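Read through the structure below, which is laid out as structure tokens, and then see the notes.
All of these numbers come straight from a predicted model, not from anything done at the bench. Residue numbers start from 1 in every chain, and the chains themselves are labelled A, B, ... in the order their sequence lines are given, proteins ahead of strands.
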Protein chains: 2
Amino acid sequence: MKPERNQCLVRKGNPGERFFVVCLLMLLNEKTAHGYELAENLSYFGFETDEINLSTIYRNLRKMEEDCLVTSFWQEGEQGPQKRVYEITDRGKKELEFWTEMLKKRKTRIEKLLARFDQQNTKHKGD
Amino acid sequence: MKPERNQCLVRKGNPGERFFVVCLLMLLNEKTAHGYELAENLSYFGFETDEINLSTIYRNLRKMEEDCLVTSFWQEGEQGPQKRVYEITDRGKKELEFWTEMLKKRKTRIEKLLARFDQQNTKHKGD
DNA sequence: GCAGCTATATACGTCATGCATATAGTCTGA
DNA sequence: TCAGACTATATGCATGACGTATATAGCTGC
């Protein structure tokens with residue numbers, strides 16, 4: 001028995017759906033930053049504070065480094081706990097361009113679906 | 001070693017990102033249909049023929065039935081192999097409404113990201 | 001009979017996620 | 001000074017979604 005069954009709606013899926021990875025790349029395209037900072041800045045794109053897990057963000061940043069989209073180094077001479085600072089690479093910039101093109105397509109798809117949904121509703125009203 | 005590493009770009013993620021599930025629900029909101037038919041009609045939303053796997057579609061349809069978003073029955077008196085025909089439920093219709101609202105938010109997020117990306121590029125040109 | 005198409009389904013391995021937990025430094029207040 | 005809250009990063013574990021391959025079954029054309 002799944003407890004959500006009665007309340008409502010939907011199996012969660014991936015709430016961020018990897019869109020947030022592009023957001024990270026976007027933020028890093030403006031300036032270097034560390035994980036915690038990036039997490040906070042995701043709110044700009046409309047993400048709720050706890051919508052994307054911190055561990056997910058850290059894990060994805062390390063993977064992006066594996067894939068040579070970013071490089072990282074420990075920030076020196078700073079107060080507080082150590083910060084791993086990330087910097088976007090040329091490869092990362094190309095990746096970002098690629099993703100923005102993908103997002104344009106995705107936007108088109110969403111618009112098509114929303115338009116069709118509106119059509120369905122206006123038809124129903126016409127009955 | 002991952003072979004794609006040199007060619008280019010990106011870890012795949014979920015190419016459809018569960019958006020296609022909403023598309024299925026949308027199509028079923030217009031009329032009953034079987035899986036294979038739905039797969040073909042996904043092209044309307046811009047999906048390439050093999051972008052979403054048939055097995056993924058069938059699996060998701062069964063899950064949607066589990067979640068009471070659709071019901072299914074075997075179509076009788078038809079030529080060819082048996083067809084499992086799906087019909088949307090009231091719960092499925094509510095679900096669809098919920099998802100269209102989510103998609104509006106998602107669209108906003110994408111637009112925000114694209115706008116910011118354009119800003120970055122125009123700034124670079126101004127240097 | 002056999003290849004190719006329609007149509008549905010499942011086993012298997014992989015990958016991404018959320019939750020819980022671990023760590024370590026800093027700062028505030030009792 | 002000692003506990004608790006906050007910053008900051010990281011990993012183990014269970015779950016869930018996916019693609020590939022494979023299985024099935026009926027129909028069509030050669």
Side-chain angles (χ1 to χ4, degrees), chain A residues 1-5 10-24 32-43 47-67 69-70 72-86, chain B residues 1-5 10-24 32-42 47-67 69-86:
Chain A
M1 286 293 175
K2 299 172 188 174
E4 325 88 71
R5 194 60 69 83
V10 92
R11 74 183 53 250
K12 283 187 181 175
N14 309 342
E17 294 181 358
R18 306 200 61 68
F19 170 64
F20 80 95
V21 176
V22 191
C23 294
L24 293 180
T32 62
H34 62 277
Y36 201 87
E37 188 184 356
L38 290 166
E40 287 177 336
N41 288 333
L42 278 183
S43 65
F47 287 103
E48 310 289 328
T49 319
D50 58 349
E51 189 171 341
I52 288 165
N53 208 286
L54 264 176
S55 68
T56 303
I57 289 173
Y58 287 122
R59 256 188 307 227
N60 274 281
L61 284 168
R62 303 309 298 270
K63 270 179 209 147
M64 286 156 73
E65 187 166 23
E66 251 187 74
D67 292 342
L69 305 181
V70 297
S72 80
F73 51 92
W74 289 104
Q75 192 168 60
E76 297 190 23
E78 273 261 334
Q79 295 286 74
Q82 288 218 289
K83 296 175 186 176
R84 184 186 288 278
V85 178
Y86 288 91
Chain B
M1 284 295 172
K2 300 172 188 174
E4 325 88 75
R5 195 60 71 79
V10 90
R11 77 181 53 252
K12 284 186 184 176
N14 308 342
E17 295 182 355
R18 305 199 64 67
F19 170 64
F20 80 96
V21 176
V22 190
C23 294
L24 293 180
T32 62
H34 62 276
Y36 201 89
E37 188 185 355
L38 290 166
E40 286 177 337
N41 289 332
L42 278 183
F47 288 102
E48 310 289 327
T49 319
D50 58 348
E51 189 171 343
I52 289 166
N53 208 286
L54 264 176
S55 68
T56 304
I57 289 173
Y58 287 122
R59 252 187 314 227
N60 274 283
L61 285 168
R62 303 310 298 269
K63 271 179 208 147
M64 286 157 74
E65 187 165 25
E66 252 186 76
D67 292 343
L69 305 182
V70 296
T71 54
S72 81
F73 52 93
W74 289 105
Q75 192 167 60
E76 297 190 24
E78 272 261 335
Q79 294 285 75
Q82 288 218 288
K83 297 174 184 177
R84 185 187 288 279
V85 177
Y86 289 91

- The side-chain contact (heavy atoms from CB on, under 4.5 Å) partners of B:Glu76 (sequence neighbours excluded) come to none

Could you go over nucleotides 11-15 of chain D and give all protein N or O partners under 3.5 Å, atom names and distances?
from	atom 1	to	atom 2	distance (Å)
D:dG12	O6	A:Arg59	NH1	3.2

- Item | From CA spacing to verdict: side chain to side chain donor-acceptor pair (under 3.5 Å), A:Asn60, A:Arg18 | CA-CA 9 Å; A:Asn60 274 281; A:Arg18 306 200 61 68; 3.3 Å; yes

- Item | Heavy-atom side-chain contact between A:Ile57 and A:Tyr36 under 4.5 Å | no

- Item | Non-neighbouring partners of A:Arg62 that pass salt bridge (Lys or Arg N to Asp or Glu O under 4.0 Å), sequence neighbours left out | A:Glu65

- Query: Between A:Asp67 (side chain) and A:Leu69 (backbone), is there a donor-acceptor pair under 3.5 Å?
  - Reply: no

- Query: In Å, rounded to the nearest 0.5 Å, how long is the span from CE of B:Met64 to CG of B:Leu61?
  - Reply: 5.5 Å

- Task: Indicate whether OP1 or OP2 belonging to C:dA16 is found under 4.0 Å from a side-chain N or O atom of A:Lys63.
- Result: yes

- Task: Measure from CZ on B:Phe73 to P on C:dT8 and round the result to the nearest Å.
- Result: 12 Å

- Check whether any side-chain N or O of A:Arg18 sits under 4.0 Å from OP1 or OP2 of C:dC15, and answer yes or no. no

- Message: If the condition is salt bridge (Lys or Arg N to Asp or Glu O under 4.0 Å), which residues does A:Glu40 pass it with, not counting sequence neighbours?
- Response: none

- What nucleotide among C:dC19, C:dA9, C:dT6 has an atom nearest to a side-chain atom of A:Asn53? C:dC19

- Reading nucleotides 23-30 of chain D 5' to 3', which nucleotides get B (base under 4.0 Å from a protein heavy atom), which S (sugar-phosphate only), which -? --B-S---

- Would you please name every residue forming a side-chain contact (heavy atoms from CB on, under 4.5 Å) with A:Ala33, sequence neighbours left out? A:Leu28, A:Lys31, A:Glu37, A:Leu38

- Task: Rounded off to whole Å, could you give me the CZ-to-C1' distance for the A:Arg84 and C:dT23 pair?
- Result: 14 Å

- To the nearest angstrom, the CG-P distance between B:Asn60 and C:dT8 comes to 14 Å

- Query: C:dT8 P sits how many Å from B:Glu65 CD, rounded?
  - Reply: 13 Å

- Query: Once you round it to whole Å, what is the distance between P of C:dT6 and CD of B:Glu40?
  - Reply: 7 Å

- Query: Within this structure, what is the CZ-to-P distance between B:Phe47 and D:dC18, rounded to whole angstrom?
  - Reply: 11 Å

- Message: In whole Å, I'd like the distance from the CD1 atom of A:Ile57 to the C1' atom of C:dC19.
- Response: 15 Å

- Given atom CD of B:Glu66 and atom P of D:dG16, what is their separation to the nearest angstrom? 10 Å

